[in-house]
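Note sheet for the following structure.
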Number of protein chains: 2
Amino acid sequence: MDERVPTAPEDAATSPAAEKWAWEKWGWDYCTNTALRRATRRIGQLYGDVSAASGLTPPQHILLSHLKLAADSADPAAATLRGLAAAMIMDLSALGHTLKPLIRDGYVELVPDARDRRVKRARLTPKGEAKRAEGHALWLVAQRRFDALFGPEEAAALRRALAVVASEEFAAAFRKGDAE
Amino acid sequence: MDERVPTAPEDAATSPAAEKWAWEKWGWDYCTNTALRRATRRIGQLYGDVSAASGLTPPQHILLSHLKLAADSADPAAATLRGLAAAMIMDLSALGHTLKPLIRDGYVELVPDARDRRVKRARLTPKGEAKRAEGHALWLVAQRRFDALFGPEEAAALRRALAVVASEEFAAAFRKGDAE
DNA sequence: TGATGATAGTGGCATATACCAGTTTCGTGA
DNA sequence: TCACGAAACTGGTATATGCCACTATCATCA
């Protein structure tokens with residue numbers, strides 16, 4: 001095992017000395033949450049700088065991509081707001097708020113379901129699809145640069161690990177620990 | 001090499017078929033940025049649920065922890081707003097906004113520098129340090145549960161990879177690709 | 001010493017994200 | 001068919017985060 005970033009000593013909570021030692025040795029990246037946020041902000045900057053020419057923020061481009069993915073999906077629930085929110089691991093209302101500027105700018109439209117009037121589907125307009133494609137071309141530059149720099153295999157392994165963390169199964173298992 | 005999440009085929013941008021294939025095969029986690037955001041939102045939920053009893057949001061707890069780290073640091077610039085922002089890979093103004101509620105609630109105070117009146121240092125109040133410690137105890141529960149579930153070595157490797165992505169060196173190398 | 005450019009931070013605006021309360025619609029069972 | 005609970009969204013409020021314009025202060029140099 002690589003010892004540069006070992007796990008927390010068992011007595012970190014009860015021993016101030018051990019805790020201090022852990023912080024000084026590993027700093028911020030000792031916390032999974034902190035490490036994730038730091039990396040996310042950095043990648044947001046780097047990818048965002050590359051794709052800024054499209055006028056889309058990174059979350060907006062991701063959302064448009066999800067919309068296209070949902071449209072191509074065989075699952076009819078994929079494009080509903082609830083389905084999208086679940087896919088993006090996002091709060092439903094947060095998704096609604098995020099969609100607002102995209103609807104305002106004519107990239108996305110909401111289509112009520114004919115059979116269940118509670119349900120709405122989000123759909124890319126032609127203008128939105130064009131914008132998504134524009135953003136995708138820029139995104140690809142950033143993605144390739146990242147892979148070249150970080151290493152293709154390492155990048156794939158990182159994304160694989162992140163997918164596990166994000167998965168429903170992981171969340172369910174984590175929450176089950178609550179009962180113990 | 002594990003082939004479940006290989007890198008992008010070189011013609012992904014120019015071949016609609018290849019692009020479609022990539023999306024269908026790997027879905028959202030094919031994009032580093034998306035994978036990071038999904039995982040961050042998930043971990044934010046899981047860690048946040050565990051530590052909600054402290055009344056701190058995850059970013060707030062992280063910020064208080066940085067403040068303690070900066071106070072213990074030998075570097076006098078560590079606790080300045082600019083130093084903190086750099087350490088957290090955050091925009092200076094974003095840090096200022098995030099500090100507002102913590103100052104309002106009496107957890108943090110801003111102390112102007114005597115020699116350079118442009119500079120301000122952020123400092124934990126006793127109340128803030130107590131709140132940080134309270135949050136830390138809860139955080140430790142989440143952190144241990146994560147490590148137990150994800151695997152201690154895998155968790156350490158993940159955090160190590162994220163630290164590389166977040167590093168200044170990585171950002172500088174990535175941006176240098178711009179000139180090529 | 002005064003002009004000038006750099007640095008630190010603030011405030012405004014916009015998007016990102018979450019929680020909660022409320023509304024509309026649906027499904028189910030008496 | 002009607003009451004009632006569940007489901008899907010909406011809107012309000014709060015924090016999270018970033019960009020830009022602006023102010024105050026400092027450092028440098030003619």
Side-chain angles (χ1 to χ4, degrees), chain A residues 33-34 36-38 40-49 51-52 55-64 66 77 79-86 88-105 107-108 110-122, chain B residues 33-34 36-38 40-49 51-52 55-64 76-77 79-86 88-105 107-108 110-122:
Chain A
N33 196 4
T34 305
L36 272 168
R37 282 173 191 277
R38 280 166 48 86
T40 298
R41 284 193 290 260
R42 177 72 80 193
I43 290 296
Q45 288 172 8
L46 299 179
Y47 275 53
D49 286 349
S51 59
L56 295 173
T57 66
Q60 287 176 337
H61 175 232
I62 291 172
L63 183 46
L64 296 188
H66 272 74
T80 67
L81 295 189
R82 183 160 293 275
L84 277 171
M88 297 185 70
I89 313 183
M90 248 178 113
D91 185 85
L92 174 60
S93 74
L95 173 64
H97 293 316
T98 303
L99 277 171
K100 283 273 165 61
L102 295 171
I103 294 172
R104 177 199 60 200
D105 295 341
Y107 298 144
V108 178
L110 295 185
V111 184
D113 186 279
R115 271 166 299 195
D116 187 340
R117 276 183 297 175
R118 290 172 303 182
V119 174
K120 286 186 184 175
R121 287 188 167 70
Chain B
N33 197 3
T34 305
L36 272 168
R37 282 173 191 276
R38 279 166 49 87
T40 299
R41 284 194 289 259
R42 176 72 79 193
I43 289 298
Q45 288 172 8
L46 298 178
Y47 276 52
D49 286 349
S51 59
L56 295 173
T57 65
Q60 286 175 338
H61 175 231
I62 291 172
L63 182 47
L64 295 188
T80 67
L81 294 191
R82 184 160 293 275
L84 278 171
M88 297 185 69
I89 313 183
M90 247 177 115
D91 185 85
L92 174 60
S93 73
L95 174 64
H97 295 317
T98 303
L99 278 171
K100 283 272 165 63
L102 294 170
I103 294 172
R104 178 200 60 201
D105 296 340
Y107 297 143
V108 178
L110 294 186
V111 185
D113 185 279
R115 271 166 299 193
D116 186 338
R117 277 181 297 174
R118 290 172 303 179
V119 173
K120 286 185 185 175
R121 289 189 165 68

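Lettering of chains follows the sequences in order, A, B, ..., and the numbering in each one begins at 1. This one's a predicted model, so the numbers in the text were calculated from it and none came from an experiment.
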Is there a side-chain contact (heavy atoms from CB on, under 4.5 Å) between T80(B) and D113(B) once you walk through the steps? CA-CA 9 Å; T80(B) 67; D113(B) 185 279; over 6 Å; no
Kindly give the heavy-atom pair with the smallest separation between [X] and [Y], and that separation in Å.
X	Y	result
L56(B)	Q60(B)	CA-OE1, 3.7 Å
R41(A)	M88(B)	NH2-O, 2.8 Å
R37(B)	P58(A)	NH2-CB, 4.1 Å

Between [N] atom [atom2] and [X] atom [atom1], what is the distance in whole Å?
X	N	atom1	atom2	result
D116(B)	dA27(D)	CG	C1'	10 Å
I43(A)	dA16(C)	CD1	C1'	18 Å
L92(B)	dA24(D)	CG	P	17 Å
R118(A)	dG5(D)	CZ	P	16 Å
R82(B)	dA6(C)	CZ	P	14 Å
K100(B)	dT15(D)	NZ	P	12 Å
I103(A)	dT15(C)	CD1	P	13 Å
H61(A)	dT15(C)	NE2	C1'	17 Å

Partners meeting salt bridge (charged side-chain N to carboxylate O under 4.0 Å, His left out) with R82(A) (sequence neighbours left out):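 None.
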Could you run down nucleotides 16-22 of chain D 5' to 3' and tag each one B, S or - for protein heavy-atom contact under 4.0 Å? SBBBB--
For L81(B), which contact category applies under a 4.0 Å heavy-atom criterion: base, sugar-phosphate, or nothing?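 Sugar-phosphate: the residue L81(B), judged by heavy atoms under 4.0 Å, touches backbone atoms but no base.
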Looking at every strand, decide which applies to R104(B) at a 4.0 Å heavy-atom threshold: base, sugar-phosphate, or nothing. sugar-phosphate
Could you check which of [options] has an atom nearest any side-chain atom of [X]?
X	options	value
R117(B)	dA8(C), dT25(D), dT10(C)	dT25(D)
T80(B)	dA6(D), dG9(C), dC9(D)	dG9(C)
L110(A)	dA8(C), dT10(D), dT10(C)	dT10(D)

Would you check if V108(B) and L63(B) make a side-chain contact, meaning some heavy-atom pair closer than 4.5 Å?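 Heavy-atom side-chain distance check fails, nothing below 4.5 Å.
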When V119(A) and A114(B) are each assigned the nearest nucleotide of DNA chain D, the 5'-most assignment goes to V119(A)
Between CD1 of I43(B) and CG of L36(B), what distance do you get to the nearest 0.5 Å?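 It is 12.0 Å, given to the nearest 0.5 Å.
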